[in-house]
Undergrad: 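Pasting in a structure now, in structure tokens, and then I'll have a few things to ask.
What you see below is based on every heavy atom in this structure, not just the backbone, and it leaves out hydrogens, waters and symmetry mates.
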Amino acid sequence: MPRIQSVKPGSLAEELGLETGDELLRIGETQIRDLVDLQFAMAAEEIEIEIKKPDGETWIFEIEKHYDEDLGVEWEHPTVDRVKLCHNKCVFCFVDQIPSNMRQTLNVRDDDYRLSFLHGNFVTLTNVKEEDLQRIAKLKMSPLNISVHTTNPDLRVRMLANRRSGEILNQIAFLAENGIEMNTQVVLCPEWNDGPELDRTIKDLSQFYPHVRTLSVVPVGLTKHRRGLHKLRGCTPDEARTVIEQVSNWQKLLRQKLGVSFVYAADELYVMADRTVPEADYYDDFGQTENGVGVIRTFLEEVKIAEKKIQNISICENRKVGVITGISAKKVIQQELDRLFNNQFHYEVLPIVNDFYGHNVTVTGLLTGTDIVAQLKQKVAHLDTILLPDIMLKDDADIFLDDMTVEDVRDSLEIPITIVPATGIGLLLGVIGETQSLPPRRRYETTLQSESIAHNRSVS
């Protein structure tokens, strides 16, 4: 049964007198199995709740509430019941490439279709049973984000090391027939699922449009912690250019046929290829920014909007600020700051090489406090502050992936740190010192979700 871990102050649960350890037996006639059941059952203005107390006593409440009001509790598990774990052994799995001394949640191999529906996680569907598919169809759990990687059944079995993985096209066909929308991805591994295999995957999945809405192609992310794993290599600059051209050719065909591009190359491929990212219309509705597709273009568009807001703000000529970023984003951030401010004051872009995971990992979201301190120690004392993108931190605490805190980094560098949203407006307002106008930091529903997103971005 779902068990309460904590009660939020001022919540409906607190008003009812619910406590840690209470179990939720039912809402109305629905026995609550997981978070999906809970959300559907709570979507009403009048409900009846049955609770079992730790001493075995049963309480029943008849409640009037707002339609979208929840109980306001944290459950023992983010899905209310236990998370469905991954049964695969993917040749490119990022979790396998994490140092063993990392926090436990970073080593969770979730592959839960409910987290895909509720939070946008990518799942492989290899652990989905027939009754799960029927439930998805019945409840219209849409959209889902699906890691396809290849539509070649034999190749997918080899890449995921799961004999059930060859069923993916049948699963997608069933979901499409039942009106479920899907976003899909390919983690591109050179000499595995590239070239003709990528052509096959794009062709196969595009036939399910509009139910399969998008397909992203992201390069495999490889850390230095790959001892005992499959021999893989990352994309070369020439291969990145080839993939970009391959995707572009498909887009031309699919725009004529479908009216949208459908398939998109991740930003990291453009960085590898030293190519400028496409204009906004390339990305249609920007359906896969959380997977590293269109993030740079989104940032550039945000900067255009933000620069209009700061035109009348006076900037202190004596201001000295540094901007921490990953290697991938250095060039675009430097270009935008130079374009907007042209050295009106002192600003520095501080790219951090990822020694913790390895130099092949270049995204900002996977930087650690350890590397920041090691590379900036005694090099930033002349600055007033350094800006730290919030995407580097745990969603509910100022903690890096290596468990260093922002306070630890600040004390080691002996310089003030300003946490800013990883957006165009966050960057510009932070740079000019208008921190009181900063939008709120990004927050995710669960720790598991935010760290899963970090894993996704590691390969994009």
Undergrad: Please determine whether a side-chain nitrogen of the Lys or Arg among Lys331 and Asp274 lies less than 4.0 Å from a carboxylate oxygen of the Asp or Glu.
TA: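 Salt bridge flag = yes for Asp274 with Lys331.
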Undergrad: Between Glu19 and Lys53, is there a side-chain N and carboxylate O pair less than 4.0 Å apart?
TA: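 Yes, Glu19 and Lys53 are salt-bridged.
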Undergrad: Show your reasoning for whether side-chain contact (heavy atoms from CB on, under 4.5 Å) applies to Arg200 and Asn152.
TA: CA-CA 8 Å; Arg200 173 177 177 167; Asn152 180 333; 3.5 Å; yes
Undergrad: Without hydrogens or angle criteria, can the side chains of Thr150 and Asn193 be said to hold a donor-acceptor pair below 3.5 Å?
TA: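 Distance-only check fails for Thr150 and Asn193.
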Undergrad: Is Glu46 salt-bridged to Lys65, going by a charged N under 4.0 Å from an acidic O?
TA: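 Looking at Lys65 together with Glu46, the answer is no, because their closest N to O distance does not fall below 4.0 Å.
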Undergrad: Could Asp22 and Lys52 be called an ion pair, given the rule that one side-chain N must be under 4.0 Å from one carboxylate O?
TA: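 Result for this pair is no, no salt bridge flagged.
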Undergrad: Count the heavy atoms belonging to other residues, nucleotides or ligands that lie under 6.0 Å from CD of Gln5, then report whether that count exceeds 12.
TA: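 Count over threshold, so yes.
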Undergrad: Answer with yes or no whether the side chains of Asp402 and Thr370 bring together a donor and an acceptor at under 3.5 Å.
TA: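 Distance-only check passes for Thr370 and Asp402.
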Undergrad: Can you find a pair of side-chain heavy atoms, one from His87 and one from Asp111, that are under 4.5 Å apart?
TA: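 With C-beta onward as the side chain, the pair stays apart.
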Undergrad: Looking at NZ of Lys304 and CG of Leu300, how far apart are the two atoms once the value is rounded to the nearest 0.5 Å?
TA: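 Separation between the atoms: 7.5 Å.
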Undergrad: Partners of Ser142 by side-chain contact (heavy atoms from CB on, under 4.5 Å), sequence neighbours excluded?
TA: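 Partners of Ser142 by the side-chain contact (heavy atoms from CB on, under 4.5 Å) criterion, ordered by chain and then number, come out as Ile180, Glu181.
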Undergrad: Working to the nearest 0.5 angstrom, can you tell me the gap between Met159 CE and Asp154 CG?
TA: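 These two atoms lie 13.5 Å from each other.
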Undergrad: Could you grab the distance from atom CG of Leu18 to atom CG of Leu24, nearest 0.5 Å is fine?
TA: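 The CG atom of Leu18 sits 9.0 Å away from the CG atom of Leu24.
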Undergrad: So does Lys8 pair up with Glu14, basic N to acidic O under 4.0 Å?
TA: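 Here Lys8 does not pair with Glu14 in a salt bridge, since their nearest N and O are not under 4.0 Å apart.
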Undergrad: Looking just at side-chain N and O atoms, do Gln246 and Asp199 make a donor-acceptor pair shorter than 3.5 Å?
TA: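 A donor-acceptor contact under 3.5 Å links the two side chains.
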Undergrad: For Gln134, look at atom CD and say whether over 12 heavy atoms of other residues, nucleotides or ligands are found less than 6.0 Å away.
TA: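 Atom CD in Gln134 is crowded, with more than 12 foreign heavy atoms closer than 6.0 Å.
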Undergrad: Taking the side chain as every heavy atom from C-beta outward, state whether Leu155 and Trp192 have any pair of such atoms under 4.5 Å apart.
TA: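 A side-chain contact under 4.5 Å exists here.
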Undergrad: Working to the nearest 0.5 angstrom, can you tell me the gap between Ile49 CD1 and Trp59 CH2?
TA: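 Ile49 CD1 to Trp59 CH2: 13.0 Å, rounded to 0.5 Å.
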Undergrad: Ring-plane angle category for Phe40 and Phe117, please: parallel below 30°, perpendicular beyond 60°, tilted otherwise.
TA: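 The arrangement is parallel - the two ring planes meet at less than 30°.
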Undergrad: I'd like to know if the side chain of Gln31 and the backbone of Leu25 have a donor-acceptor N/O pair within less than 3.5 Å.
TA: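 Checking the backbone N and O of Leu25 against the side chain of Gln31, no donor-acceptor pair under 3.5 Å is found.
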Undergrad: Using a distance-only test with no angle check, is there a side-chain donor-acceptor pair under 3.5 angstrom linking Gln185 and Ser147?
TA: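 Yes, a side-chain donor-acceptor pair sits under 3.5 Å.
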Undergrad: Distance-only, no hydrogens or angles: does the Thr368 side chain make a donor-acceptor pair with backbone N or O of Leu401 under 3.5 Å?
TA: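 Checked: no pair found.
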Undergrad: So which of Thr151, Val148, Asp204 actually passes side chain to side chain contact (heavy atoms under 4.5 Å, CB included) with Ile172?
TA: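 Only match with Ile172 under side chain to side chain contact (heavy atoms under 4.5 Å, CB included): Val148.
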Undergrad: Which residue in the set Val7, Ile63, Ile51 passes side chain to side chain contact (heavy atoms under 4.5 Å, CB included) when paired with Leu16?
TA: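 In the set Val7, Ile63, Ile51, the residue that makes a side chain to side chain contact (heavy atoms under 4.5 Å, CB included) with Leu16 is Ile63.
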Undergrad: Is there a side-chain contact between Leu144 and Phe122 (heavy atoms, below 4.5 Å)?
TA: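 Answer no - side chains too far apart.
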Undergrad: Using a strict 4.0 Å threshold on nitrogen-to-oxygen distance, state whether Arg156 and Glu167 make a salt bridge.
TA: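 No salt bridge links Arg156 with Glu167.
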Undergrad: Side chains of Asp408 and Thr405: is there a donor and an acceptor less than 3.5 Å apart?
TA: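 Side-chain D/A pair, Asp408 to Thr405: present.
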Undergrad: So Phe92 and His149, would you call those rings parallel, tilted or perpendicular, with 30° and 60° as cut-offs?
TA: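 The rings of Phe92 and His149 stand perpendicular, inter-plane angle above 60°.
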Undergrad: Evaluate Leu205 against Phe262 for side-chain contact (heavy atoms from CB on, under 4.5 Å), listing each step before the verdict.
TA: CA-CA 9 Å; Leu205 293 178; Phe262 179 76; 4.1 Å; yes
Undergrad: Sub-3.5 Å donor-acceptor pair from the side chain of Asp267 to the main-chain atoms of Ile296, do we have one?
TA: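 Checked: pair present.
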Undergrad: Hey, does the side chain of Gln251 reach the backbone of Ser248 with a donor-acceptor pair shorter than 3.5 angstrom?
TA: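 Absent.
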Undergrad: So, Arg164 side chain and Val128 main chain: donor-acceptor pair closer than 3.5 Å or not?
TA: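 At least one qualifying donor-acceptor pair exists.
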Undergrad: Establish, from distance only, whether the side-chain atoms of Thr214 and Asn183 form a donor-acceptor pair under 3.5 Å.
TA: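 Yes, a side-chain donor-acceptor pair sits under 3.5 Å.
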Undergrad: Would a 4.5 Å heavy-atom cut-off, applied to side chains only, mark Tyr113 and Met141 as touching?
TA: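 Yes. Closest side-chain heavy atoms under 4.5 Å.
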Undergrad: With the threshold set at 4.0 Å, does a side-chain nitrogen-carboxylate oxygen contact exist between Glu279 and Arg297?
TA: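 Between Arg297 and Glu279 there is a salt bridge, with a charged N closer than 4.0 Å to a carboxylate O.
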Undergrad: Could you tell me the separation between the CG atom of Leu38 and the OG1 atom of Thr30, rounded to the nearest 0.5 Å?
TA: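 Interatomic distance, Leu38 CG to Thr30 OG1, rounded to 0.5 Å: 10.5 Å.
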Undergrad: Is there a donor-acceptor contact under 3.5 Å from the side chain of Arg26 to the main chain of Glu50?
TA: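 Between the backbone of Glu50 and the side chain of Arg26 there is no qualifying donor-acceptor contact (under 3.5 Å).
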Undergrad: When you compare the side chain of Ile327 with that of Asn354, does any pair of heavy atoms fall below 4.5 Å?
TA: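 They are not in contact (no side-chain heavy atoms under 4.5 Å apart), so the answer is no.
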Undergrad: Is it true that the side chains of Ser216 and Gln288 contain a donor and an acceptor less than 3.5 Å apart?
TA: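 Side-chain D/A pair, Ser216 to Gln288: present.
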Undergrad: With a 4.5 Å cut-off on side-chain heavy atoms, are Thr242 and Glu245 touching?
TA: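 Side-chain contact under 4.5 Å: no.
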Undergrad: Just by distance, do the side chain of Glu69 and the backbone of His66 share a donor-acceptor pair under 3.5 Å?
TA: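 Flag set: sc Glu69 to bb His66 pair under 3.5 Å.
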Undergrad: For Asp34 and Val36, indicate whether the former's side chain and the latter's backbone hold a donor-acceptor pair under 3.5 Å.
TA: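 The answer is yes, because a donor-acceptor pair under 3.5 Å joins these two groups.
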Undergrad: Has Glu131 got more than 12 heavy atoms of other residues, nucleotides or ligands less than 6.0 Å from its CD?
TA: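 Atom CD in Glu131 is crowded, with more than 12 foreign heavy atoms closer than 6.0 Å.
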Undergrad: Cut-off 3.5 Å, side chains only: do Arg255 and Ser261 have a donor facing an acceptor?
TA: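 Present: a donor and an acceptor within the cut-off.
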Undergrad: Would Arg135 and Asp37 pass as an ion pair if we require N to O under 4.0 Å?
TA: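 Salt bridge present between Arg135 and Asp37.
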Undergrad: Keeping the roles fixed (side chain from Asn127, backbone from Asp112), state whether a donor-acceptor pair exists under 3.5 Å.
TA: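 No.
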Undergrad: Is the closest side-chain heavy-atom distance between Val420 and Leu388 below 4.5 Å?
TA: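 Of all side-chain heavy-atom pairs linking Leu388 with Val420, none is under 4.5 Å.
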Undergrad: Counting N and O atoms only, with roles assigned by atom type, does the side chain of Asp194 sit under 3.5 Å from a partner on the main chain of Glu191, one being a donor and the other an acceptor?
TA: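 Present.
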Undergrad: Would you check if Val409 and Met404 make a side-chain contact, meaning some heavy-atom pair closer than 4.5 Å?
TA: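 Answer yes - side chains close enough.
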Undergrad: Rounded to the nearest 0.5 Å, what separates atom CZ in Phe299 from atom CD1 in Ile425?
TA: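 The distance works out to 10.5 Å.
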Undergrad: Would Ile324 and Ile372 count as a side-chain contact (heavy atoms from CB on, under 4.5 Å) if you check the C-alpha gap in whole Å, the side-chain angles of each, and the deciding distance to 0.1 Å?
TA: CA-CA 8 Å; Ile324 292 178; Ile372 292 172; 3.8 Å; yes
Undergrad: Tell me yes or no: between the side chains of Asn88 and Thr124, is some donor less than 3.5 Å from an acceptor?
TA: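 A pair is found: one side chain offers a donor N or O, the other an acceptor, under 3.5 Å apart.
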